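Reviewing the structure listed below.
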Amino acid sequence: MLHFNFKSREGISQEITEMISITRKNTIDIATRTEMLKNSYPQNFHDLNQEQVLMMGTFVNNVHSSVKLLNSVIGKQGKFES
């Protein structure tokens, strides 16, 4: 069983608070972009222009980054251990 000192708990608490904030921002951004893409982009990938292809790539990268963040471990690499 892991035991954390007070400073460790503060650090983990702060990291969790930051993760919640980032996750909320990412969720809003992804939802907004999804609606924009759904409503204004062609249904067929081959009908996208170059700018739309780049925006789709950026969107996919943002989603992958958000997933990676959600799957990250709080207090990883022992930075909050006593």
Side-chain angles (χ1 to χ4, degrees):
M1 182 175 188
L2 294 175
H3 296 281
F4 296 104
N5 63 27
F6 183 73
K7 189 172 183 177
S8 296
R9 289 180 190 177
E10 281 184 344
I12 289 173
S13 178
Q14 181 179 355
E15 190 170 346
I16 290 169
T17 300
E18 289 171 6
M19 290 286 288
I20 290 169
S21 176
I22 292 168
T23 300
R24 283 185 180 139
K25 289 176 187 173
N26 287 348
T27 301
I28 292 167
D29 181 61
I30 289 170
T32 301
R33 288 175 189 266
T34 299
E35 277 302 307
M36 184 213 40
L37 294 171
K38 185 172 75 171
N39 294 328
S40 62
Y41 277 40
Q43 295 294 313
N44 188 331
F45 181 80
H46 297 289
D47 294 334
L48 296 173
N49 64 38
Q50 186 64 31
E51 182 180 338
Q52 290 170 326
V53 170
L54 291 173
M55 289 297 291
M56 288 291 287
T58 300
F59 176 74
V60 169
N61 288 339
N62 289 346
V63 171
H64 282 294
S65 295
S66 294
V67 168
K68 189 173 183 176
L69 181 66
L70 283 172
N71 288 328
S72 64
V73 176
I74 301 295
K76 192 174 184 177
Q77 300 170 348
K79 67 181 179 181
F80 296 117
E81 291 179 13
S82 305

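Quick note: numbers below take in every heavy atom, side chains included, and nothing from hydrogens, waters or symmetry partners. Along the sequence shown, residues carry numbers from 1. Just so we're clear, the structure is a prediction, and the values are computed from it rather than from any experiment.
When side chains are defined from C-beta on, V60 counts as touching H64, because their heavy atoms get closer than 4.5 Å. M55 is not listed as a side-chain neighbour of Q52, based on a closest heavy-atom distance of 4.5 Å or more. Using a 4.5 Å cut-off on side-chain heavy atoms (C-beta onward), V53 and F45 make contact. A heavy-atom distance below 4.5 Å is found between the side chains of Q14 and E18.
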Working note: K25 + D29, criterion salt bridge (Lys or Arg N to Asp or Glu O under 4.0 Å); need CA distance, chi angles, decisive distance, verdict.
CA-CA 6 Å; K25 289 176 187 173; D29 181 61; over 6 Å; no
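Linking Ile, Leu, Val, Met, Phe, Trp and Tyr residues whenever their side-chain heavy atoms come within less than 4.5 Å places M36 and I30 in a single cluster.
For the atom pair OG1 (T17) and CD1 (I12), the distance works out to 12.0 Å, reported to the nearest 0.5 Å. Interatomic distance, CG of N26 versus OG of S21, reported as 9.5 Å (0.5 Å rounding). A distance of 5.0 Å separates OG1 in T23 from CG in L69, rounded to the nearest 0.5 Å. Interatomic distance, CG of L37 versus CG of L48, reported as 9.0 Å (0.5 Å rounding).
Each of N62, N61, V63 was checked for a side chain to side chain contact (heavy atoms under 4.5 Å, CB included) with F59, and the lone residue meeting it is V63.
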